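Below is one structure; the comments refer to it alone.
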Amino acid sequence: MGAKPKELHVVLFPFMAHGHMIPTLDIARLFAARDGVMATIITTPLNVATFTKAIGNGKKIEAPVINIEAFRFPAKEAGLPQGLENLEQVLGSELMNGFFKATEMLSEQLDHYLEKVRPNCLVADMFFPWATDLASKFNIPRLVFHGISSFSLCAQEVIRLHEPFKNVSSDEETFVLPYLPHEIQLTRLQISEELRNSEDSDYKRRTISFKESELKSYGVIVNSFYELEPDYADLFRKEFGRRLWNIGPVSLSNRSIEDKAQRGKQASIDEHECLKWLNSKKPDSVIYICFGSTASFIAAQLHEIAMAVEASGQQFIWVVRNGKNEEWLPTGFEQRMKEKGMIIRGWAPQVIILEHEAIGAFVTHCGWNSTLEGISAGVPMVTWPIFAEQFYNEKLVTQILKTGVPVGAKKWSRTPSIECLVKKDAIVKALTEIMAGKETDERRNRAKNLKEMARKAVEQGGSSYMDLSELINEIRGYQLLQLNEEV
Ligand code: UDP
């Protein structure tokens with residue numbers, strides 16, 4: 001007789017940025033909700049609260065327990081000031097290299113941890129390429145979590161392998177992404193600075209190691225669902241040869257208002273106050289505007305947005321991260337907009353807002369979590385990509401899913417600048433098109449249909465539910481094989 005399986009222990013190690021930590025917590029919840037599976041999240045001390053406040057271990061009776069393990073963040077050794085443990089504190093600044101250096105130094109603690117704890121599976125962020133070799137040292141399967149869509153994974157791969165951006169003579173000329181099932185065009189300005197500039201850089205070298213480690217890993221977990229982008233899940237599996245499990249939309253693992261309100265940072269508004277305001281509005285009548293956890297704008301851009309929402313005549317909730325200094329607000333704006341709009345300075349309870357029936361459109365920077373949360377809520381989108389893989393997500397939403405209207409963002413940039421400015425008229429045009437354009441009804445119907453598909457995918461027996469079951473069974477098989485070898 002073979003050895004009896006113990007409880008399966010899945011360890012998750014997200015990158016220190018809210019766009020990575022939030023879905024990782026949701027994934028940990030999904031694992032821990034299954035019989036015989038235990039989940040642990042590794043993070044650093046200043047990021048612990050993001051998880052503990054959301055989990056409320058021991059307080060919520062029916063919620064699965066998730067363990068948190070804090071690794072010391074080696075800021076000093078990497079030449080960083082103490083207190084910087086999250087990407088959004090360093091994005092686009094000269095401290096970014098030090099930040100990545102510090103994250104690389106976390107490998108030593110992971111090595112000790114894996115040796116001591118011997119989990120059955122390590123789900124480590126794409127930004128931790130060294131995790132694959134460490135896991136294999138202890139015979140632990142390492143799964144990569146990128147936090148992006150299958151479409152973007154494929155787009156990145158054809159760009160990496162075929163470099164189509166080298167076939168155009170200017171930064172504004174469009175090129176086609178080869179070998180994709182749809183004809184997708186981009187300009188050189190819309191791809192990352194590292195790809196655009198041919199010079200060697202630390203970040204460029206790092207991105208190469210991300211791919212190398214992904215190729216050596218056990219497989220890839222994707223926060224998406226098969227029915228949303230079947231061509232691209234198939235392409236990534238069959239043509240690019242990766243093992244891929246679609247287990248999303250993971251945000252749907254948050255069922256109660258309380259769970260939804262606790263995602264990410266402390267909200268700057270009470271969720272009940274927000275809901276009360278939304279309850280007073282008609283269905284599909286309010287635009288929600290939010291650009292995620294890391295992107296920021298120059299004052300001139302905030303000013304253009306303010307003028308545009310006022311000129312559009314639409315009702316809105318607008319989340320402003322870096323808007324404490326009010327020089328960007330047109331005179332008397334808030335007084336005039338008292339009935340029509342609400343500005344949230346800081347952090348919004350996004351999922352709660354998006355799921356409210358009063359929300360008729362979402363102006364988004366196309367971060368994948370936000371995009372998928374918008375899709376899961378059945379909301380059409382105005383797409384305003386800024387950096388990362390957001391320009392790919394825009395194409396998915398506007399050209400493949402056909403639930404979005406582009407605002408016309410032209411340039412990829414980690415640091416906000418006047419060159420990336422989108423003018424008031426372009427914003428008004430997109431807002432009007434999404435709320436009251438020729439195709440508004442069709443777009444809205446398509447969005448509502450995707451919402452239904454998303455919900456079905458995560459229900460028991462749905463495609464994402466089954467993919468997670470298969471993954472867990474496979475890790476169990478791997479665990480049993482090892483136990484049998486040991487006896
Ligand atoms: N988010 C939120 N409130 C905010 C801003 C962001 O809850 O005010 C959440 C949002 O729901 C999403 C995540 O933060 O889950 C942002 O991730 P995304 O991939 O969209 O963008 P990133 O922040 O990584 O650019």
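Since the structure is predicted, the reported quantities are computational estimates derived from the model, not experimental observations. In listed order, ligands and their atoms are each counted from 1.
Near Gly19, with a cut-off below 4.0 Å to any heavy atom, the atoms of ligand 1 are 17 (O), 24 (O). Below 4.0 Å from some heavy atom of Val319 lie the following atoms of ligand 1, by number and element: 8 (O). Atoms of ligand 1 found under 4.0 Å from any heavy atom of Arg263 (numbered from 1 in listed order, with element): 11 (O), 15 (O). Per-residue contacts place Trp368 under 4.0 angstrom from the following atoms of ligand 1 (heavy atoms of the residue considered): 19 (O). Ligand-side atoms of ligand 1 in range of Ser370: 18 (P), 20 (O), range being under 4.0 angstrom from any heavy atom.
A salt bridge links Glu157 to Arg242: at least one charged side-chain nitrogen sits closer than 4.0 Å to a carboxylate oxygen. Of the charged side-chain nitrogens involved, none lies within less than 4.0 Å of a carboxylate oxygen, so that Lys424 and Glu310 do not count as a salt-bridged pair. For Glu334 and Arg345, the salt-bridge test passes: some basic side-chain N is under 4.0 Å from an acidic carboxylate O. Classification of Lys411 and Asp171 as a salt-bridged pair fails, no side-chain N sitting under 4.0 Å from a carboxylate O.
Selection from Ser293, Ala348, Ala295 by nearest heavy atom to atom 4 (C) of ligand 1 gives Ala348.
Ligand 1 has a nitrogen or oxygen under 3.5 angstrom from a nitrogen or oxygen of Glu373. The shortest N or O to N or O distance between His365 and ligand 1 is under 3.5 Å.
Summary of contacts: the protein heavy atom closest to atom 6 (C) of ligand 1 is Trp347 CH2, 3.4 Å. In terms of protein heavy-atom proximity, atom 13 (C) of ligand 1 is nearest to Ile22 CD1, 3.8 Å.
Residue-level proximity to ligand 1 for Thr294 is carried by backbone and side chain together, each with a heavy atom below 4.0 angstrom. Heavy atoms of Gln350 found under 4.0 angstrom from ligand 1 belong to the backbone as well as the side chain. Using a 4.0 Å cut-off between heavy atoms, Asn369 contacts ligand 1 through both its backbone and its side chain.
Remark: Arg196 fails to qualify as a cation-pi partner of Phe165 under the 6.0 Å distance and 45° angle criteria applied to the six-membered ring. With a 6.0 Å cutoff to the six-membered ring centre and a 45° limit on the axis angle, Arg34 counts as a cation-pi contact of Tyr465.
Within the 6.0 Å centre-distance limit, the rings of Phe100 and Phe127 are counted as a close aromatic pair.
At least one heavy atom of Cys290 sits closer than 4.0 Å to an atom of ligand 1.
Side-chain N/O atoms of Glu194 and Thr207 include no donor and acceptor closer than 3.5 Å.
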Step by step, work out the side chain to side chain contact (heavy atoms under 4.5 Å, CB included) result for Gln301 and Ile427. CA-CA 11 Å; Gln301 184 63 81; Ile427 307 169; 4.0 Å; yes

